[in-house]
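Each remark here refers to the structure printed beneath this line.
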Amino acid sequence: MKKNSVFSAIIFISFLALNSCSKKQEPTKDSGDEIEKILTSLTLEEKVGQMTNLTLATIATEENRRIKLDTDKIRDIIVNHHVGSIQNVMNHAYTLEEWRTMVDLLQKVTMEQTRHKIPFLYCVDAVHGANYIYGATLFPHNIGLGATRNPELVEKCAAITAAETRASGVRYNFSPVLDVGRNQQWSRLGETFGEDVYLVTQLGGAAIKGFEGSDVSKNNKVASCMKHFVGYSVPLNGKDRAPAYIPEIVLREYFLPTFRNAVNIGSKTLMVNSAEINGTPVHASKYLLTDVLRTELGFKGVVISDWQDIIKLQERHRVAKTHKDAVFLAVDAGIDMCIVPFDFGFYNDLIALVKEGKISESRINESVRRILQLKKDLGLFQNPYVEKENIGNFGKPEYTATTLQAALESITLLKNNDSILPLSTTKKIMVTGPNANSVTALHGAWSYVWQGNRDTLYPTGLQSIAQVFSSSGAKFIPSFDYNGKNEWNKESLAKSASQFDAILVCLGEPAYAETPGNTPDIELDKRQVEMVQALAKTGKPIILLLLEGRPRIIREIEPLCKAILLGYWPGPQGAQAIHDVVFGKFNPGGKLPYTYPRYNGSLITYDHKLLDEAIEIVDPVYEYKYEFKPQYEFGHGLSYTTFTYDSIQFSKDTISTNDSLIVSVKVTNSGKLAGHEVVELYTQDLVASITPSVKRLRRFNKIFLQPGESKTISFTLIEKDLSFVNEKYETISEEGDFEVIIAKRKRKFYLKD
Ligand code: BGC
């Protein structure tokens, strides 16, 4: 039975449709004075309410998968406590109508029942498409987009995500992840664009442009959130939210540049790293949040905490004795808005701190000014309600082509002995493995539910690998699955396999997100190894498909497989994309965005130091050599055609520091199929005062060539591209020899001071 204070959101639909659109505020004048005027009219409580962010569970429950909003709680939060933003879902995704109704209701309460009438802001994690709206377009996760090496495509995916998110009434997206994925064990590697700082900088920047465009007030744009500032992605023990130890020189060389670039592009907000660096939780680091972020990088937008991370300063990090001390540390360090998200602890303690004179009201004003500016930039003061006209931006049929394209371009062909792929559809193909009939394994984290692992909460109609391949005559033979059937018999699986011409075995990981995705090592599940070993005994060619957010060790089974495809977390069109690649409808061109390790104990990035490769041999004579032998290198990725590279051409062989060097190379499709090639330019600094990396990616360009076609690709390098952070933390370059590396071609030039 319904209680009086709790009612279903559905009831609101018609009611709000009638009311909301007639209640638009008068457009405000676009001037900073406007914000100052509002600011001076606010009480301390109203200001701190703007800095407080709560989760949906504080105002709603769920019944039969529908949100039930609690009007008493809403009033308490919005009217009595002046809370200015809410985020998240409860247990699963909602329909577009539910979203629009809910956001409008919250806005209506704010506009009609609060004194200040400052529009409300709803925020979500639309991290690979609008993943909390049923029917929205989901894309491959960032790690797959990293493999596409296609910034225009990344921008397009982000623009669609923005349009669909805004169509739901939500104007703030906690995306993109700008962490550079330099620890392959980390459970959030799949949310990154990869391990290389230049790659993440380019693709992260493209995503921000797609989310925000040139005018974020437009009804198809959302505020982006650069996250998680900074140094989150290299936990020493490989676990999520575990301590990192990052020397300043490394922080500046590998982790700050993605944020610096995003700040320059104009991203409106930033979320703080939940963990700690060198013993200081980032939420309490005035150095990072004020000196570096504000003073050095010049960031003017809103800094939001991560989930419960102020509370954790006391409870987990233990740098604060009381919760109030924790609030002091975080606000003093530079936090503007706190994802509390369940209570008024932050609100009460911050008010008390100001009243006690420990935090000045002018410090509060700084944060509130930024929050008001964000709301104004988003057009909320002009029209706080869900925009009636943008409903048509949701679910446009053409979005499917973009997500299919992204999945296709992400798929990375790691191995293709004897050109076994593409397969002919006339072949008898068996499909098996735990990921063959799993829709969740295609989607990964943040898909309809936070963990992405509850297929019962997925919309119907999504297709698994087994379903799509069955439509081309392949046969699915079940093995075990992660959540259900665990009984399986490898001998009988192998017996079935012996009746087919080829076996597509789909392995990897089940879906997970964040800390629940922690793993003690990245060995592939033993049952999966045994499955391939049993299937290999049939002598039938094995095509291994890996669906995984991070690389799992395949050293033992790699020699047993004729071909290996890496699909990452390709999203709802992933099965179709893999089908099209396997049967040659699409020629794969994805390039590894990380180093695929061969051993669990050797998690090294491609841009390591020479010392990482050194092997000293003492017997029979002392000698040393260099060897870097991951399973597959960063940038690796085959095609069904071949590309040949002519020698590298330079505009000059010596450049001075204010000069530029034009590097050109002619690339020819020397095979029989049209295909994509990513031309990657690396440099190596041969001698430097800080040990140079063996190579660093400096430019890339994706091209498409018909058989026999050639293109000359030119890149312009300037002194900045050759620079590094020195021991004084200055970014400098040094006179000397450099080598340019493109594919297997190399050529030296000289940089003169
Ligand atoms: C994650 C963030 C996310 C936030 C809000 C946290 O647990 O670390 O990436 O944006 O939750 O949902």
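Both ligands and their constituent atoms are indexed starting at 1 by order of listing. Values below: every heavy atom of this structure, side chains too, minus hydrogens, waters and symmetry copies.
- Exactly one residue among Lys221, Arg171, Lys268 makes a salt bridge (charged side-chain N to carboxylate O under 4.0 Å, His left out) with Asp377. That residue is Lys268.
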### Query
Yes or no on side chain to side chain donor-acceptor pair (under 3.5 Å) for His317 and Glu276, after CA distance, side-chain angles and deciding distance?
CA-CA 8 Å; His317 298 285; Glu276 59 182 62; 3.1 Å; yes
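- Between Asp70 and Arg75 there is no salt bridge, since no side-chain nitrogen of the basic residue lies less than 4.0 Å from a carboxylate oxygen of the acidic one.
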List below, pair by pair, the N or O atoms of ligand 1 and of the protein that are less than 3.5 Å apart, including the distance to 0.1 Å; reply 'none' if no pair qualifies.
| residue | atom | partner | partner atom | Å |
| --- | --- | --- | --- | --- |
| ligand 1 | 7 (O) | Arg241 | NH2 | 3.1 |
| ligand 1 | 7 (O) | Glu514 | OE1 | 2.8 |
| ligand 1 | 7 (O) | Glu514 | OE2 | 3.2 |
| ligand 1 | 8 (O) | Arg188 | NH1 | 2.7 |
| ligand 1 | 8 (O) | Arg241 | NH2 | 2.8 |
| ligand 1 | 8 (O) | Asp306 | OD1 | 3.4 |
| ligand 1 | 8 (O) | Asp306 | OD2 | 2.6 |
| ligand 1 | 8 (O) | Glu514 | OE1 | 3.4 |
| ligand 1 | 9 (O) | Arg188 | NH2 | 2.8 |
| ligand 1 | 9 (O) | Lys227 | NZ | 2.9 |
| ligand 1 | 9 (O) | His228 | NE2 | 2.7 |
| ligand 1 | 10 (O) | Asp125 | OD1 | 2.5 |
| ligand 1 | 10 (O) | Lys227 | NZ | 3.0 |
| ligand 1 | 11 (O) | Asp306 | OD1 | 3.4 |
| ligand 1 | 12 (O) | Asp125 | OD2 | 2.5 |

### Task
Please report the C-alpha distance between Met90 and Glu62 in whole Å, then the side-chain angles of each, then the deciding distance to 0.1 Å, and finally whether the side chain to side chain contact (heavy atoms under 4.5 Å, CB included) criterion is met.
CA-CA 8 Å; Met90 290 186 64; Glu62 275 177 6; 3.0 Å; yes
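- Inter-residue side-chain proximity for Pro235 and Pro243 is flagged as unmet; no heavy-atom pair is nearer than 4.5 Å.
- Taking 4.0 Å as the cut-off between side-chain N and carboxylate O, Glu195 and Arg182 do not count as a salt-bridged pair.
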